[in-house]
Amino acid sequence: MRAKPRKSPTFHLERFRKAKLFVISAPSGSGKTTLCNKLLKDDLALARSVSMTTRPPRPGEKDGTDYHFVSEKYFKDTIKKNGFLEYEENFGYLYGTPKAFIEKSLGKGRDVLLSIDVKGAMKVRGEYPDESVFIFIIPPSVKTLKKRLQSRRSEDGEAISTRLKLAKKEMAYKKRYDYTVINDRLGAAYKKLKAIIVSELNLRRERRCKSST
Ligand code: ADP
Ligand code: 5GP
């Protein structure tokens, strides 16, 4: 009879410690939300980090699912209470990652998906350098980006030009990310994104198996 592999005494702790934060950033309009929604519906069991924001909801967005839509006063009170892992201002609105959810998820060994801007992502890197995987989504061209922003119909012309100007600055952060995915055809981009996440999760499993035998 084959001996049962022995688990190391810290097996359970290792399991909890090895949960990952998948941090996804992209210039606005690149398709990050579309791709993240697909990931969350897939069989990866990722928990979504629902950000808090002072921006008003877009048509179809649900409070508590897409964002926690809050007043500026509530957001600022949460800053005072040290309730954010990170927060930033974008396009005149505040956006932040609630800290308690991240800590609770990691504590339970649950992998989390964060869809946040480049500056916020760099702060997460500072806090969780070992747990985080950074993925940058880029549009095939600036022309396509403009078209996508127009097709979404959630911003006026001025807001679209502001987002396009910022997009150029954000692209400079690309090299600080672990992976880049070009969102040209949605199906192909999704396949690549999912493959990255699956391989990162498998790497962790392999390491866990090695340390538990
Ligand atoms: P972001 O979250 O990066 O701001 P969205 O996911 O809201 O971007 O996508 C912007 C617009 O582009 C939406 O109307 C979305 O349906 C569309 N879109 C996303 N990915 C693609 C793609 N690969 N091809 C064509 N349109 C896309
Ligand atoms: P949108 O208004 O298009 O949903 O988001 C605008 C920008 O804010 C996007 O780049 C988005 O990734 C970013 N964002 C959303 N939530 C957060 C957050 O919690 N923290 C940070 N830093 N950025 C966020």
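Order of appearance sets the numbers: ligands from 1, and atoms from 1 within every ligand. This chain uses plain numbering: 1 for the first residue, then up along the sequence.
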Can you check whether L164 reaches I160 side chain to side chain, under 4.5 Å on heavy atoms? yes
Using a 4.0 Å cut-off to any heavy atom of S30, which atoms of ligand 1 qualify? 3 (O), 8 (O)
Suppose we measure from atom 23 (N) of ligand 2 to each protein heavy atom; which comes out shortest, and what is that distance? D117 N, 3.1 Å
Of the side chain and backbone of Y87, name the one, both, or neither that has a heavy atom under 4.0 Å from an atom of ligand 2. neither
Counting heavy atoms only, which of V118, N90, V124, V50 is nearest atom 13 (C) of ligand 2? N90
When you look for heavy atoms under 4.0 Å from ligand 2, do you find them on the side chain of T97, its backbone, both, or neither? both
Any nitrogen or oxygen of E61, side chain or backbone, less than 3.5 Å from one on ligand 2? no
Residue selection (non-hydrogen contact nearest atom 2 (O) of ligand 2) among Y95, Y93, F84: Y95
From S161 OG over to L166 CG, what is the distance, rounded to the nearest 0.5 angstrom? 12.0 Å
Give the atom numbers and elements of ligand 1 that come within less than 4.0 Å of a heavy atom of T33. 1 (P), 2 (O), 6 (O)
Note: heavy atom closest to atom 26 (N) of ligand 1, options R148, Q150, R163, belongs to R148
Could you find the nearest protein heavy atom to atom 8 (O) of ligand 1 and give me its residue, atom name and distance? G31 N, 3.1 Å
Examine ligand 1 and decide if any of its atoms is less than 4.0 Å from a heavy atom belonging to A189. no
Any carboxylate oxygen within less than 4.0 angstrom of a Lys/Arg side-chain nitrogen, looking at K119 and E86? no
Indicate yes or no for a side-chain donor-acceptor contact from T78 to the backbone of Y74 under 3.5 Å, with no hydrogens or angles considered. yes
Euclidean distance, L46 CG relative to D111 CG, rounded to 0.5 Å: 6.0 Å
Minimum distance, heavy atoms only, to atom 20 (N) of ligand 2: which one of R55, E86, E88 is it? E86
Those atoms of ligand 1 less than 4.0 Å from some heavy atom in S28: 4 (O)
Mark up the atoms of ligand 2 that fall under 4.0 Å of a heavy atom belonging to F91, in ascending order. 6 (C)
Closer than 4.0 angstrom, basic N to acidic O: yes or no for K73 and D77? yes
Among all protein non-hydrogen atoms, which one is nearest to atom 15 (C) of ligand 2, and what is the separation to 0.1 Å? Y67 OH, 3.2 Å
Quick one: does ligand 2 sit under 4.0 Å from the side chain of E155, the backbone, both or neither, non-hydrogen atoms only? neither
From the candidates A188, S151, C36, S154, the one that places a heavy atom nearest atom 14 (O) of ligand 1: S151
From K38, R58, R152 - option closest to atom 7 (O) of ligand 1 by heavy atom: R152
Without swapping roles, check the side chain of R55 against the backbone of G92 for a donor-acceptor pair under 3.5 Å. no
Given the ring of F91, does R163 sit roughly above its face, with NZ or CZ under 6.0 Å from the centre of the six-membered ring and within 45° of the axis? yes
To the nearest 0.5 Å, what is the distance between OG1 on T144 and CD1 on I138? 11.0 Å
Return the closest protein heavy atom for atom 10 (C) of ligand 1 as residue, atom name and distance. G29 O, 3.7 Å
Counting the benzene-type ring for Trp, do F134 and F22 have ring centres under 6.0 Å apart? no
Examine K32 against ligand 1 and note whether any of their N/O atoms are separated by less than 3.5 Å. yes
Can you list the atoms of ligand 2 that are under 4.0 Å from a heavy atom of K32? 9 (C), 10 (O), 11 (C), 12 (O)
Rounded to the nearest 0.5 Å, what's the gap from CZ on F69 to CD on E61? Could you check? 4.0 Å
Salt bridge present between K20 and E131 (N-O < 4.0 angstrom): no
How long is the span from the CZ atom in R48 to the CG atom in L114, to the nearest 0.5 Å? 11.0 Å
Have a look at S51, C36, S25, S30 and point out the one with the heavy atom closest to atom 16 (N) of ligand 2. S51
To the nearest 0.5 angstrom, please state how far the CD atom of E170 sits from the OG atom of S30. 8.0 Å
Interfacing atoms of ligand 2 (cut-off 4.0 Å, heavy-atom, R58): 1 (P), 2 (O), 3 (O), 4 (O)
Under 4.5 Å between side-chain heavy atoms, counting indirect links through other Ile/Leu/Val/Met/Phe/Trp/Tyr residues: same cluster for V124 and V118 or not? yes
What part of K123 sits under 4.0 Å from ligand 2 if we count only heavy atoms: the side chain, the backbone, both or neither? neither
Stacked cation flag K38 on Y190, 6.0 angstrom / 45 deg: yes
At less than 4.0 angstrom from any non-hydrogen atom of T34, what atoms of ligand 1 do you find? 5 (P), 6 (O), 9 (O), 15 (C), 19 (C)
Any idea which protein heavy atom is nearest atom 20 (N) of ligand 1, and the distance to it? N183 ND2, 3.1 Å
Tell me, please: is M52 in heavy-atom contact with ligand 2, that is, under 4.0 Å? no
Please verify whether a non-hydrogen atom of D184 lies at under 4.0 Å from ligand 1. yes
At less than 4.0 angstrom from any non-hydrogen atom of S115, what atoms of ligand 2 do you find? 12 (O), 15 (C), 16 (N)
Presence of salt bridge, E127 and K123, under 4.0 angstrom: no
